[in-house]
Protein chains: 2
Amino acid sequence: MKSKPTSFDIAYRAGVSQSTVSRALRNSPLVNEETRQKVQAIAKELNYKVDKNASNLRSQHSSTLALLLFEDPTNDDSFINPFFLSMLGSITKACSDKGYDLLVSFQQMNDDWHAEFEDSNKADGIILLGYGDFVDYEEKLIQLIEQDTRFVRWGADVESLPIVSVGCDNFHGGYQLTEHVIMNGKKYFAFLGEASSHAPEFYQRYLGHCKALADNNLVVDKSLQNDAFSTEESGYQAAAKLIESGKSFDCIFGASDLIAVGAMRALQDKGYKVPEDVAVIGFDDIPMASFTFPPLTTAKQNTKLAGELLVESLIKVINGEEVKTTLMPTSLIVRNSCGS
Amino acid sequence: MKSKPTSFDIAYRAGVSQSTVSRALRNSPLVNEETRQKVQAIAKELNYKVDKNASNLRSQHSSTLALLLFEDPTNDDSFINPFFLSMLGSITKACSDKGYDLLVSFQQMNDDWHAEFEDSNKADGIILLGYGDFVDYEEKLIQLIEQDTRFVRWGADVESLPIVSVGCDNFHGGYQLTEHVIMNGKKYFAFLGEASSHAPEFYQRYLGHCKALADNNLVVDKSLQNDAFSTEESGYQAAAKLIESGKSFDCIFGASDLIAVGAMRALQDKGYKVPEDVAVIGFDDIPMASFTFPPLTTAKQNTKLAGELLVESLIKVINGEEVKTTLMPTSLIVRNSCGS
DNA sequence: ATCCGAAAAGCTATCTATTGCAAAAATATT
DNA sequence: AATATTTTTGCAATAGATAGCTTTTCGGAT
């Protein structure tokens, strides 16, 4: 059983000092080209790999980013919101492009997640990802700031705090989507999803939605807004409740695709035709959105770009550069669930 | 700018030695209860966190597992197979349950991925996840074994090598699925997906499929087997080719849900009715499978269990315990695409 | 009061690489 | 040839914890 070689083993074989080995392997200009070649060749031959723990300890940075994915605690834990899964994919890719490793962790809101990774030096910075009630974790964000933790978050800009966020223009997306359906002749809109500052993303979508209605001289009927979490089940329930209430409407705006999909199913179960009787629109453009029947009209969030922006912003934060919060545009994806 | 506290700071304030702090924080029985309380209180107050790099370096293990997700290089990189995404979710959860952190990395086959993490001591072990041509990376697996790297992989058992795998019973799944459709009266089966040892998962599904046909006195028509990668696009293409060939068939077995979904779309584009004219079945039960039109009949791989088994097995491997390769059963999910 | 053993705490080497500074070697300048 | 420069290399300190071994403490036995 051979144990792993250390830089001393390389040094011994190369007939140089251990520090030279360290320099040679990191392509330091302080070492002669010829020596470098020799050292690197021996390192390769012995299949030597720099011990990251020792390296990180000495240099005090880890070339690792941590991703904290926190989900709505109401969500059962067997199912992860596909939108985040797709973000996770793009973040992973972006990290690897930038030469960083990625530590992934799922957390519940109530956990003591704040700063765990950065404080323990396992990661140089943290990406916070999750929908959710901002108020729930505002105090934790404040702690992060006080501890000088380097992090960025996905979501709406937090004006009250100096936090770098990357989010998408939920307001505009809601506006655009609503406007489109109005053009298709629908007039009585229901909105499924919490519309309060507790759910900033959903709220912005709702506000955009309301603005579009107002701009087109349509009434905003607050009784047609029902709370829902971002799960299919919750969307189903909310829609069922809406239907039972006997109010009339000809479009349901699901605050997320998952809600919309649930709503669509509820409508169809009750014998409504989508989109003829009731149009349905969602938000996110998760992979399954194009496979529902009818395919779901939605506002696409560009997860690839989002992941890249999050990673790039975080790296800048780590390097002490000035970074501004970014707002990405959404794009309207017209499929069939809205009538055209 | 206060710098992070070290165990010496705690020791100073607590009036004890640094080693005592270390012991107290790790709940070593070698330290007095009272002292422990005091030390832990101070640590909490100063918001002290053990430096993982130092700790890992000294103790030579990291409480971190690495997940290497390698995808078929034919896949464009913007889209990750949803099945793996869902595995990733369950692996993350399982790791956190077991007190391990998870490093995630996506790799291309050709990369020098083998052992990167374990050799560099960033992770105690590696989970290898990916469909794919086993032959492509067999030599890398051999290297891993030679280097004494601790790892487990997702996939079919590799009889020729001492590797711990966790996989699902693809053969039985293929059998069960095919049998079900035969009961629904279909007789002429096409299979989309590579059916060779280069794609062991697909191959096993194919073999199970063939066995079911044979057991029911149906002919296996090899000309109805077409290669396809696990993407919707590839499934679409393969189905289109099949249709153009003019051969007759009344069921398409997609080697994965993604292939099946693509095939279904191709059929519908050409005016076929699913399942009346042609039944379609898939494999995996990815989230979107229940949202296609018609909803897809498929064999579910229990990703939650799979993730747990992978993590548990790897931890055992790391601890030097004996572990056997596991084969998980699949479950038949009957929806509408198969005729009932 | 003395001695013994267990419990608790301390001392110091160790883990492996990085880095500032000093020393040596190689090259350039006068 | 002697001195000044510039390149390379080596030495030793350092990063922050863990662990083996030693010492101190303290209640109980003699």
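Hydrogens, waters and symmetry mates are skipped; everything else that's a heavy atom, side chains included, is used. By convention in this document, chain letters (A, B, ...) are assigned in the order of the sequence lines, proteins followed by strands, and residues within each chain are numbered from 1.
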Point to revise | A/Lys49 NZ - C/dC15 P separation (whole Å) | key: 22 Å
Practice item. Whole angstrom is fine here: how far is it from CG in B/Leu57 over to C1' in D/dA15? Key: 9 Å
Check your understanding: Tell me: CZ of A/Phe8 to C1' of D/dG10, nearest whole Å?
Key -> 12 Å
Check your understanding: Rounded to the nearest Å, what distance is computed from the CG atom of residue A/Leu30 to the P atom of nucleotide C/dA17?
Key -> 19 Å
Study note, to complete from the structure: What one should report as the nearest heavy-atom pair of A/Val50 and A/Ser55 is CG1-CB, 4.0 Å
Point to revise | Base of D/dG20 paired with side chain of B/Arg58 (donor-acceptor, under 3.5 Å) | key: no
Check your understanding: Counting side-chain heavy atoms from CB outward, which of D/dA17, D/dT9, D/dG20 is closest to A/Arg23?
Key -> D/dT9
Point to revise | Distance-only side-chain donor-acceptor flag, A/Gln40 / A/Asn27, under 3.5 Å | key: yes
Check your understanding: Which atom names give the shortest non-hydrogen contact between B/Asp101 and A/Lys122, and what distance separates them?
Key -> OD2-NZ, 3.2 Å
Review point. Are B/Asn32 and C/dA8 close enough that a side-chain N or O sits under 4.0 Å from OP1 or OP2?
Key: yes
Point to revise | A/Lys316/A/Glu312 ion pair, N-O < 4.0 Å | key: no
Exercise for review: Verify, without hydrogens or angle tests, whether B/Ser62 (side chain) and B/Asn56 (backbone) share a donor-acceptor contact under 3.5 angstrom.
Suggested key: no
Check your understanding: Closer than 4.0 Å, any side-chain N/O of A/Thr6 to the OP1 or OP2 of C/dT16?
Key -> no
**Study point:** C/dT16 phosphate, OP1 or OP2, under 4.0 Å from A/Tyr48 side-chain N/O
**Key:** no
Practice item. Could you check how far CG of B/Asn53 sits from P of D/dT18, rounded to whole Å? Key: 12 Å
Practice item. Take atom CD of A/Glu322 as the centre, draw a 6.0 Å sphere, and report whether it contains more than 12 heavy atoms from other residues, nucleotides or ligands. Key: no
Check your understanding: A/Ser7 has a side chain; which of C/dA17, C/dC15, D/dA17 sits nearest to it?
Key -> C/dA17
Review point. A/Ser22 has a side chain; which of D/dT18, C/dA17, C/dT16 sits nearest to it?
Key: C/dA17
Point to revise | 5'-most by nearest nucleotide on DNA chain C - A/His61 or B/Thr20 | key: B/Thr20
Exercise for review: Using a strict cut-off of less than 4.0 Å between a Lys/Arg side-chain nitrogen and an Asp/Glu carboxylate oxygen, indicate whether B/Lys38 and B/Glu34 qualify as a salt bridge.
Suggested key: no
Check your understanding: Separation of A/Gln60 atom CD from C/dT18 atom P, in whole Å?
Key -> 13 Å
Practice item. Verify the contact: side-chain N or O of B/Arg26 to OP1 or OP2 of D/dA19, cut-off strictly under 4.0 Å; return yes or no. Key: yes
**Study point:** 5' priority, DNA chain C, between B/Ser19 and A/Asn56 [closest heavy atom]
**Key:** B/Ser19
Review point. Hey, can you pull the residues of residues 9-17 of chain A with a non-hydrogen atom under 4.0 angstrom from DNA chain C?
Key: none
Review point. Quick check: does any side chain N or O of B/Asn121 sit under 3.5 Å from a backbone N or O of A/Lys52, one acting as donor and the other as acceptor?
Key: no
Review point. Tell me: CD of B/Glu34 to P of C/dA8, nearest whole Å?
Key: 11 Å
Practice item. Check the distance between C/dT14's P and A/Lys4's NZ and give it to me in whole angstrom. Key: 21 Å
